[in-house]
Colleague: 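Questions regarding the structure given below will be posed in turn.
Heads up: numbering here begins at 1 and tracks the sequence.
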Amino acid sequence: MTKILCILAILFLSLPSSNASLRSLIQKTYDNNLALMDARDEVTISQADTRILNASLDLNLQFESSYTDSNFERDPFSLVSANQAWVNELTLAKPFSWGGELSLVSTHQHLKPKSSISQSYLFQQRLTYTQDFGRNIFGRTFNLEEKTLRANEQVLSLTLNSSEISQLITLSKLYVEGSSLQLLLELERAALLRVDKRLKYVRKQVRDGLREKVDELRARESLLARETAIRDIENRMWSLKEELGVVIADQALDVKFNPKGLKQDWTKSWKGWHLKENVDRQLLIKRLDALSLQAKARSQKDVPDIKLFASYGNNDWELNRADAISGGILGTKNDEIALGVQINFALGNEEQKAELAKVNARKKTLERYSSQWNKILLGTAATLGERHKNLALNLKTAQERESLARQALDAYSKLYAKGRVDLDQVITAEEQLISDQKLVVSSRQSLVNLTIEAQALAGRLPNFLLKEVDL
């Protein structure tokens, strides 16, 4: 009796006191998992790249100042043979997404001739508009670059989603296994109580001369088998917690698994389940889009760089600084209009051709994968439903077998008490019950794991685990 009380006490103390829900472990995974943190950093970097490109259209202010002490020989029409000069230049420029740029340049110069000529001041303003009519006509290159960066941002975002789903599959399956082990532990401890009770009964029968000593030996061996089974489960649970700690990047030895979620009805058909939201499929499609944009951007670089510009300016040289400034601002009499064209054409351009060939090769590879992946998804969709039905039938069969095995064990125990069957038959019935109970747990675990795989395949696993079920 004392040993039974001790076993009951151990059983009570080992019951989960603060079960960690899968949702709390998922949150830890999101917060701590290094692979997910790296993937999030890549998304942040890609977003920064897009902001950097858009920042190239910001208003730009540039100031340049220089001092010159020159004894250079001048041209015959110059009135000054040598001089000292301070030159300050302020430029305000605004690029536009359509390939144009408007700039205003203000220049102030203080000239000190090294002769009898008096010092003088120059103030000049020039307004220039430049429009690209070649490579970046109407902002074609800029728009392609922006679309490529945004497509890459979406690729990395989907890569993050794929990584999250991959980590959640590992995490949830480990947790489901832990819940199964917890359920098996409870069943084995219940079996241990039955075996211990049987051993005490057999010992008493042997002492009274009603049973042979061999029955006591078999009963003791059955007890040791159950104790060994419990230790095996506990060892696997410790190992599983170590694996769990790697996923959540935190200490997991204190995690208590709650088997209640395993006992839910997992035989119901899946609602709202389809494959069009499969993350890996979306990722392949988006990678193809990104590579197509890269190919267009590479091809665009083969187009000549042609820019037309028009400028209007005013200037004024005076002996007085104030007069020079007032006479040199835009709109005064000393004006100048200039028109021009700039053409830049790369001869050969083998580097761009090689880069384009690389992009096209990657694109063809992804196109092959995309085509095969669609076939794989369709094949998987065709089999998932049938697998789910078979596992549901297996669970129903296992539950029926467990019920029959329990009835058989009760019947054999009563017949043994009457001396109509031997102990080996009772032990065999006990082991069969344990085997059928394990089969029920295994069937439940398989159903949950298949559901997890199906929800992951449909791209719904995070929402499913966080909002629809409570493991």
Side-chain angles (χ1 to χ4, degrees), residues 35 37-58 60 62 93-101 103 130-163 166 278-309 340-377:
M37 292 171 70
D38 290 344
R40 278 194 291 269
D41 288 343
E42 290 298 322
V43 173
T44 302
I45 291 171
S46 69
Q47 292 171 343
D49 287 337
T50 305
R51 291 200 303 271
I52 290 171
L53 178 66
N54 289 323
S56 66
L57 300 179
D58 289 347
N60 182 48
Q62 178 181 329
K94 177 65 175 78
F96 301 99
S97 61
W98 58 77
E101 181 180 88
S103 65
T130 305
Q131 177 63 52
D132 197 317
F133 282 96
R135 184 179 302 164
N136 195 30
I137 184 171
F138 305 127
R140 183 178 299 172
T141 299
F142 179 86
N143 291 333
L144 280 174
E145 289 179 357
E146 184 181 33
K147 287 179 180 178
T148 301
L149 288 174
R150 292 197 181 280
N152 186 57
E153 184 180 326
Q154 292 174 337
V155 166
L156 292 172
S157 180
L158 286 169
T159 302
L160 171 60
N161 292 344
S162 180
S163 297
S166 177
N278 177 267
V279 174
D280 290 327
R281 176 179 174 273
Q282 293 182 62
L283 184 55
L284 275 174
I285 293 173
K286 187 53 64 177
R287 278 179 173 166
L288 276 172
D289 291 343
L291 282 174
S292 296
L293 289 169
Q294 285 183 31
K296 290 180 181 179
R298 295 290 183 187
S299 299
Q300 189 66 19
K301 291 185 178 181
D302 290 335
V303 178
D305 189 12
I306 303 173
K307 294 180 180 179
L308 299 180
F309 67 88
V341 61
Q342 296 175 350
I343 300 176
N344 182 12
F345 182 72
L347 299 176
N349 208 11
E350 288 300 322
E351 181 182 354
Q352 295 300 331
K353 292 179 181 178
E355 289 291 341
L356 181 59
K358 287 168 59 178
V359 171
N360 286 330
R362 293 193 188 104
K363 185 180 176 183
K364 288 180 180 179
T365 301
L366 282 181
E367 285 172 346
R368 289 195 297 270
Y369 274 104
S370 179
S371 176
Q372 292 183 8
W373 186 245
N374 286 333
K375 295 176 182 178
I376 292 171
L377 283 180

Colleague: Going by the salt bridge (charged side-chain N to carboxylate O under 4.0 Å, His left out) test, which pairs reach into residues 38-51, not counting sequence neighbours?
Modeller: none
Colleague: Quick check: closest heavy atoms across Lys286 and Ala151, and the distance to 0.1 Å?
Modeller: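 Looking at all heavy atoms of both residues, the shortest contact is CG-O, 3.9 Å.
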Colleague: Residues in side chain to side chain contact (heavy atoms under 4.5 Å, CB included) with Ile285, at least two apart?
Modeller: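 Listed in chain order: Arg281, Asp289.
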Colleague: Find out whether Leu160 and Leu156 are in side-chain contact, i.e. whether some heavy atom of one side chain is under 4.5 Å from a heavy atom of the other.
Modeller: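 In short, these two side chains do not touch, never coming nearer than 4.5 Å.
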Colleague: Which distance, rounded to the nearest 0.5 Å, do you find between the CG of Asp305 and the CG of Asn344?
Modeller: 5.5 Å
Colleague: Under the side chain to side chain contact (heavy atoms under 4.5 Å, CB included) rule, collect the residues that match up with Leu366, sequence neighbours excluded.
Modeller: Leu284, Arg287, Leu288, Leu291
Colleague: List the residues meeting side-chain hydrogen bond (donor to acceptor under 3.5 Å, both in side chains) with Ser292, not counting sequence neighbours, and say none if there are none.
Modeller: Lys363
Colleague: Mind checking the OG1-CZ spacing from Thr365 to Arg368? Nearest 0.5 Å is all I need.
Modeller: 4.5 Å
Colleague: Assess whether atom NZ of Lys94 is packed by more than 12 heavy atoms of other residues, nucleotides or ligands within 6.0 Å.
Modeller: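 Counting neighbours around NZ of Lys94, more than 12 heavy atoms of other residues, nucleotides or ligands fall under 6.0 Å, so yes.
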Colleague: For Ser299, give me all partners under side chain to side chain contact (heavy atoms under 4.5 Å, CB included), at least two apart in sequence or on another chain.
Modeller: Leu356
Colleague: So how far is it from Ile306 CD1 to Phe133 CZ, rounded to the nearest 0.5 Å?
Modeller: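 Reported value, rounded in 0.5 Å steps: 10.0 Å.
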Colleague: Rounded to the nearest 0.5 Å, what separation is found between the CG atom of Asn152 and the OG1 atom of Thr50?
Modeller: 8.0 Å
Colleague: With a cut-off of 3.5 Å and sequence neighbours excluded, list every side-chain donor-acceptor pair involving residues 134-145.
Modeller:
residue: Arg135; atom: NE; partner: Val303; partner atom: O; Å: 3.1
residue: Arg135; atom: NH2; partner: Val303; partner atom: O; Å: 3.4
residue: Asn136; atom: OD1; partner: Arg140; partner atom: N; Å: 3.4
residue: Asn136; atom: OD1; partner: Thr141; partner atom: N; Å: 3.0
residue: Asn136; atom: OD1; partner: Phe142; partner atom: N; Å: 3.1
residue: Thr141; atom: OG1; partner: Arg135; partner atom: O; Å: 2.6
residue: Asn143; atom: ND2; partner: Gly139; partner atom: O; Å: 3.1

Colleague: Quick one: list whatever passes salt bridge (charged side-chain N to carboxylate O under 4.0 Å, His left out) with Glu146, sequence neighbours left out.
Modeller: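 Glu146 satisfies salt bridge (charged side-chain N to carboxylate O under 4.0 Å, His left out) with Arg150 once adjacent residues are dropped.
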Colleague: Taking only residues two or more places apart in sequence or in another chain, which ones pass side-chain hydrogen bond (donor to acceptor under 3.5 Å, both in side chains) with Asp132?
Modeller: none
Colleague: If I compare all heavy atoms of Ala295 with all of Val359, which pair ends up nearest, and what's the gap?
Modeller: N-CG1, 3.7 Å
Colleague: Is there a side-chain contact between Leu283 and Val155 in this structure, where contact means two heavy atoms from C-beta onward sitting under 4.5 Å apart?
Modeller: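 Yes, at least one pair of side-chain atoms sits under 4.5 Å.
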Colleague: Does Asp280 have any side-chain hydrogen bond (donor to acceptor under 3.5 Å, both in side chains) partners at least two apart in sequence or in another chain, and if so, which?
Modeller: Ser162
Colleague: How far does OG of Ser103 sit from CD of Gln62, to the nearest 0.5 angstrom?
Modeller: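 Between atom OG of Ser103 and atom CD of Gln62 there are 10.5 Å.
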Colleague: Can you see whether Phe309 has Lys307 sitting over its ring - NZ or CZ less than 6.0 Å from the centre and within 45° of the normal?
Modeller: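 No, Lys307 and Phe309 do not form such a contact.
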Colleague: Can you tell if the side chain of Leu57 reaches within under 4.5 Å of the side chain of Ser97, non-hydrogen atoms only?
Modeller: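 Sidechains of Ser97 and Leu57: in contact.
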Colleague: Once side chain to side chain contact (heavy atoms under 4.5 Å, CB included) is applied, do any residues pair with Ala35, and if so which ones, sequence neighbours excluded?
Modeller: Asn33, Gln167
Colleague: Mind checking what makes side-chain hydrogen bond (donor to acceptor under 3.5 Å, both in side chains) contact with Gln131, not counting sequence neighbours?
Modeller: Tyr129
